[in-house]
Trainee: 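One structure follows; several queries about it will come next.
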Amino acid sequence: MRAYRLICAMWVRSLMAYRLSFALTAFGNFAVSAFDFAAILLMFSQVDRLGGYSLAEIAFLYGASCTAFGLADLSLGSMGRLGKRVRDGTLDTLLVRPAPVIAQVAADRFGLHRIGRLTQGALVLTYALVILDIDWTVVKVLTLPVMLLSGAGIFGALFVAGAAFQFVARDAAEVQNAFTYGGTTLLQYPPTVFAKELVRGVTFVLPLAFVNWLPALYILGRPYPLDLPVWTAFTPPLVAAGCLALAGLAWRTGLRSYRSTGS
Amino acid sequence: MGTDLIELDGVEKVFDVRRKTGFLRRERHEVRAVDGISFTVPRGEMVGYIGPNGAGKSTTIKMLTGILTPSGGRLRVAGIDPSRERTRLARRIGVVFGQRTTLWWDLPLIDSYRLMHRMYRIPDARYRENLDRCVELLELGALLDVPVRQLSLGQRMRGDIAAALLHDPEVLYLDEPTIGLDVISKAKVREFLRDLNTQSGTTVLLTTHDLTDIEQLCKRVMVIDHGRLMYDGPLAGLHEVGESERTLIVDLERELPPIEVESRGW
Ligand SMILES: Nc1ncnc2c1ncn2[C@@H]1O[C@H](COP(=O)(O)OP(=O)(O)OP(=O)(O)O)[C@@H](O)[C@H]1O
Ligand SMILES: [Mg+2]
C-alpha cells in the first residue's frame with residue numbers, strides 16, 4: 001500500500017506539470033462515460049419506463065455501477081499494461097525493488113485522468129438520490145456505501161484476474177476489458193431487460209449482479225428477478241472478498257510463471 | 001556460512017521452450033541455461049563473470065536477484081533464498097542491467113532517485129550523502145532534471161549505477177555495465193566501481209564482454225559456457241588456459257574485400 005501511494009504520488013506530481021493536458025484527458029474520460037448516460041436519456045425521451053423502471057431508478061443503477069467501476073478503474077486500471085512488461089521483460093526491474101509487484105504494477109503510470117469517469121458516475125448517482133423517492137431506513141443508508149465499495153472490490157478482482165492472465169495470454173487485456181467495461185454497461189440497466197439465462201450467469205457464475213443489482217434493488221424496494229431471498233442484498237462484501245481472494249491466487253500463480261526474457 | 005555473501009550449490013535453470021513448427025504444431029524442448037553451477041563469493045570481493053553469448057550469465061544474475069526461480073540446486077545471498085524472499089533481499093542488493101534501465105523512463109532522473117529514497121526507506125542523511133557522492137563522481141549534476149528517455153546510453157548507465165547504490169547495498173550485480181560506452185565513460189565507470197569496492201567494501205559481481213573491465217577491476221574471474229563453470233581463479237591463470245585458442249576481431253572502417261589469411265602455426 002505504501003509503495004502504491006508513493007508511486008502514484010510521483011506520477012500525479014509529474015502530471016501536474018501539464019495541467020492543461022491533464023484537464024483535457026480527464027474531461028475526455030468524463031465525456032466518453034457521459035455518452036452512455038446520454039443514450040439512456042435519449043431512450044427515455046421516447047418511453048416512460050424501461051423494463052418497468054423509471055429514469056430515476058435507472059439513473060440510480062447507472063450511478064452505482066459507474067461509481068464502483070470508476071473506483072476500481074482509477075486504482076487498478078494501469079494493470080492493463082502488464083502484458084507489455086511481461087513480453088519485453090521490463091517486469092524484471094519491478095522484481096528487484098523492495099515492494100510488492102502488484103502494487104508497482106497497479107501504480108505504474110497512475111492515470112489520475114480516470115477520475116473523470118468516477119466523477120461522472122458519482123454525479124449521476126447524486127442526481128438519482130436527489131430525485132428518487134426512497135423510504136430511507138438505517139439499513140438502506142448503510143447499504144449504499146457498502147454497495148459502492150464492494151462493487152469496486154468485485155471489479156477490482158476482475159482487473160487483478162485479468163492482469164494475472166496477461167502472464168500467459170497475449171490478448172488477456174482485451175478479454176478482461178470485455179468483462180469490466182462490458183460488465184459496467186450491462187449493470188447500468190435493470191435485470192428485467194435481460195434474458196433470464198444472462199441474469200443467472202452474472203449472478204451465479206461471474207457475480208456482477210452483486211456490484212449493484214442486488215443491493216440497489218433492495219434500496220429501491222424492488223424484487224430481484226430470480227426470486228433470491230432479501231438477505232442476498234447484504235452479501236456483496238463477502239462476494240467481493242471471495243473474488244479478491246481468487247484473483248489474488250491467480251495473480252500469484254501468474255507471477256510465478258514469469259520467466260523474464262533472454263536479453 | 002561464514003563470510004560468504006553469495007553461495008551457489010549445483011544451481012540449475014532449465015527453460016521450457018516451445019517452438020512453432022507448423023500450423024498448431026509445436027515442438028517442446030529444454031534449454032539448460034544454467035547447468036549445475038557452484039561457487040561462493042566472500043564479502044568485499046569483486047568478481048568477474050564472463051563467457052560467450054548465451055552462456056547463462058544473465059540467467060545466473062536473475063536467479064541471484066530473485067527474478068527467476070532456480071530449477072534445481074541451492075542458492076543463498078546474504079543468507080536469503082532470493083526467489084522465496086525477493087522483497088526482503090531487494091533492500092540489500094543493487095542491480096544494474098546494462099541492457100535495460102531500472103529508472104522510470106518518462107520522468108526526470110531526480111524523480112526516480114526521490115522515489116527510491118522513500119521506497120527503500122533510506123535515512124535522509126544517508127540519501128543526501130550517497131546522492132551527492134554519485135552525482136559528483138558520475139557527473140550527473142546536469143542530468144538530474146532530464147527525463148530518462150532523453151539521456152544518452154552512457155548517461156543513462158551512470159544514472160542507473162547511481163540508482164543501484166543509493167540504499168547502500170551489500171552486493172552489487174552489474175550485467176554488462178559498460179556495454180556501448182565510449183572509452184572515457186568506461187574509464188569513469190571503472191574508476192567509480194573500484195573506489196566503491198575499496199572504500200565501501202561493496203561486494204561486486206560483474207559480467208562483461210570487455211576483458212579490460214576485468215583486467216582493471218577483478219582479481220578473480222569466473223568463466224562459464226553452456227551453463228557450466230569452466231574456470232574460477234585469478235585472471236592471470238585464465239591466460240594460461242586460454243592460450244590454446246585466440247580470436248582476433250578486426251573492425252574495419254569501411255567494407256573491404258576479404259583478405260587472405262596465411263596461417264603459420266603459433
Ligand atoms: N526467458 C527465457 N526463455 C527462454 N530461454 C531463455 C530465457 N532467458 C534466457 N534463455 C536462454 O538461456 C541461455 C542463456 O541466456 P543468458 O541470457 O543467461 O545468456 P548470457 O550469458 O547473459 O548471454 P549474453 O552475453 O548474450 O548476454 C540462452 O540460450 C537463452 O536463449
Ligand atoms: Mg546477458
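Only a predicted model underlies this, so the values are computations on that prediction, with no experimental measurement involved. Each chain gets a letter, A, B and so on, in the order the sequences are listed, and its residues count up from 1.
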Trainee: Report, as yes or no, whether the 6.0 Å neighbourhood of atom CZ on A:F35 holds more than 12 heavy atoms from other residues, nucleotides or ligands.
Mentor: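 Not buried by this count: 12 neighbours or fewer within 6.0 Å.
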Trainee: Does A:R97 reach the main-chain N or O of B:T102 with its side chain, forming a donor-acceptor pair under 3.5 Å?
Mentor: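 Yes, the answer is positive, given that a donor and an acceptor are paired below the 3.5 Å cut-off.
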Trainee: Of the backbone (N, CA, C, O) and the side chain (C-beta and beyond), which part of B:T101 lies under 4.5 Å from a heavy atom of chain A, both, or neither?
Mentor: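 B:T101 touches chain A through backbone heavy atoms alone.
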Trainee: With a 4.5 angstrom heavy-atom cut-off, is it the side chain or the backbone of A:R13 that approaches chain B, or both, or neither?
Mentor: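 Neither part, no heavy atoms under 4.5 Å.
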Trainee: Taking all non-hydrogen atoms of both residues into account, name the closest pair between A:R259 and B:F15 and its distance.
Mentor: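 Minimum heavy-atom contact is O-CE2, 3.8 Å.
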Trainee: Does atom OH (A:Y4) have a neighbourhood of more than 12 heavy atoms from anything else shown, all under 6.0 Å?
Mentor: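 Result for OH/A:Y4: enclosed.
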Trainee: Determine whether more than 12 heavy atoms belonging to other residues, nucleotides or ligands lie under 6.0 Å from atom CZ of A:R81.
Mentor: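 Yes, CZ of A:R81 has more than 12 neighbouring heavy atoms, counting only those of other groups under 6.0 Å.
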Trainee: Can you confirm whether more than 12 heavy atoms, excluding those of A:F27, are under 6.0 Å from its CZ atom?
Mentor: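 Count not over threshold, so no.
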Trainee: Side chain to side chain contact (heavy atoms under 4.5 Å, CB included) for A:W11 and B:L107? Distances and angles first, verdict last.
Mentor: CA-CA 9 Å; A:W11 285 109; B:L107 301 176; 3.7 Å; yes
Trainee: How about A:M1: does its CE atom have over 12 heavy atoms from other parts shown lying under 6.0 Å from it?
Mentor: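 Counting other residues, nucleotides and ligands, CE of A:M1 stays at 12 neighbours or fewer.
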Trainee: Could you tell me which portion of B:L68 (side chain, backbone, both or neither) has an atom closer than 4.5 angstrom to a non-hydrogen atom of chain A?
Mentor: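 Looking at B:L68, just its side chain touches chain A.
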Trainee: Report yes if the side chains of B:Y173 and A:V96 come closer than 4.5 Å at any heavy-atom pair, otherwise no.
Mentor: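 Not touching, per the 4.5 Å side-chain cut-off.
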Trainee: Looking at B:R149, I want to see if its CZ is surrounded by more than 12 non-hydrogen atoms of other residues, nucleotides or ligands under 6.0 Å.
Mentor: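 Atom CZ in B:R149 is crowded, with more than 12 foreign heavy atoms closer than 6.0 Å.
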Trainee: Where does B:N53 contact chain A at under 4.5 Å (heavy atoms): side chain, backbone, both or neither?
Mentor: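 For B:N53, no heavy atom lies under 4.5 Å from chain A.
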Trainee: Can you tell which part of A:R2 gets under 4.5 Å to a heavy atom of chain B, answering side chain, backbone, both or neither?
Mentor: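 For A:R2, the side chain is the part near chain B, not the backbone.
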Trainee: If you count heavy-atom pairs under 4.5 Å between each of B:R92, B:H167, B:R86, B:R91 and chain A, which one has the most?
Mentor: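 Ranked by heavy-atom pairs under 4.5 Å with chain A, first place is B:R86.
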Trainee: Grab the two heavy atoms, one from A:D92 and one from B:K62, that are nearest each other, plus how far apart they are.
Mentor: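 Shortest heavy-atom separation between A:D92 and B:K62 comes out as OD2-CE, 3.3 Å.
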Trainee: Among B:I93, B:D16, B:L89, which has the most heavy-atom pairs under 4.5 Å with chain A?
Mentor: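 When all of B:I93, B:D16, B:L89 are compared, B:D16 has the most.
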Trainee: Step through the shown structure and confirm whether more than 12 heavy atoms of other residues, nucleotides or ligands are within 6.0 Å of CZ on A:F179.
Mentor: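 Counting neighbours around CZ of A:F179, 12 or fewer heavy atoms of other residues, nucleotides or ligands fall under 6.0 Å, so no.
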Trainee: Just so I understand: if I count every heavy-atom pair under 4.5 Å between each of B:D106, B:V31, B:L103, B:V95 and chain A, which residue has the most?
Mentor: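 Sorted descending by pairs with chain A, the first entry is B:D106.
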Trainee: For a quick test of reading the model, state the closest non-hydrogen atom pair linking A:T261 to B:R100 and the distance between them.
Mentor: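 That would be OG1-NH2, 3.5 Å.
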Trainee: Measuring from atom CH2 of B:W104 to atom CG of A:D108, what distance do you get when rounded to the nearest 0.5 angstrom?
Mentor: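 Spacing of CH2 (B:W104) from CG (A:D108) equals 9.0 Å.
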Trainee: Taking all non-hydrogen atoms of both residues into account, name the closest pair between B:M119 and A:P98 and its distance.
Mentor: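 Heavy-atom minimum between the residues: O-CG, 4.1 Å.
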Trainee: Which region of A:I7, side chain (C-beta onward) or backbone (N, CA, C, O), has a non-hydrogen atom less than 4.5 Å from a non-hydrogen atom of chain B, or is it both or neither?
Mentor: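 Both backbone and side chain of A:I7 come within 4.5 Å of chain B.
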Trainee: Tell me which of these, B:T65, B:T69, B:L115, has more heavy-atom pairs under 4.5 Å with chain A than the rest.
Mentor: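 Ranked by heavy-atom pairs under 4.5 Å with chain A, first place is B:L115.
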Trainee: Of the backbone (N, CA, C, O) and the side chain (C-beta and beyond), which part of B:R118 lies under 4.5 Å from a heavy atom of chain A, both, or neither?
Mentor: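 Answer is both: backbone and side chain atoms of B:R118 are under 4.5 Å from chain A.
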Trainee: Does a sphere of radius 6.0 Å around NE2 in B:H226 hold more than 12 heavy atoms from other residues, nucleotides or ligands, not counting ones at 6.0 Å or beyond?
Mentor: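 It does not: B:H226 NE2 has 12 such atoms or fewer within range.
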Trainee: Which pair of heavy atoms, one from A:S260 and one from B:I67, lies closest together, and at what distance?
Mentor: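 Shortest heavy-atom separation between A:S260 and B:I67 comes out as CB-CG2, 4.3 Å.
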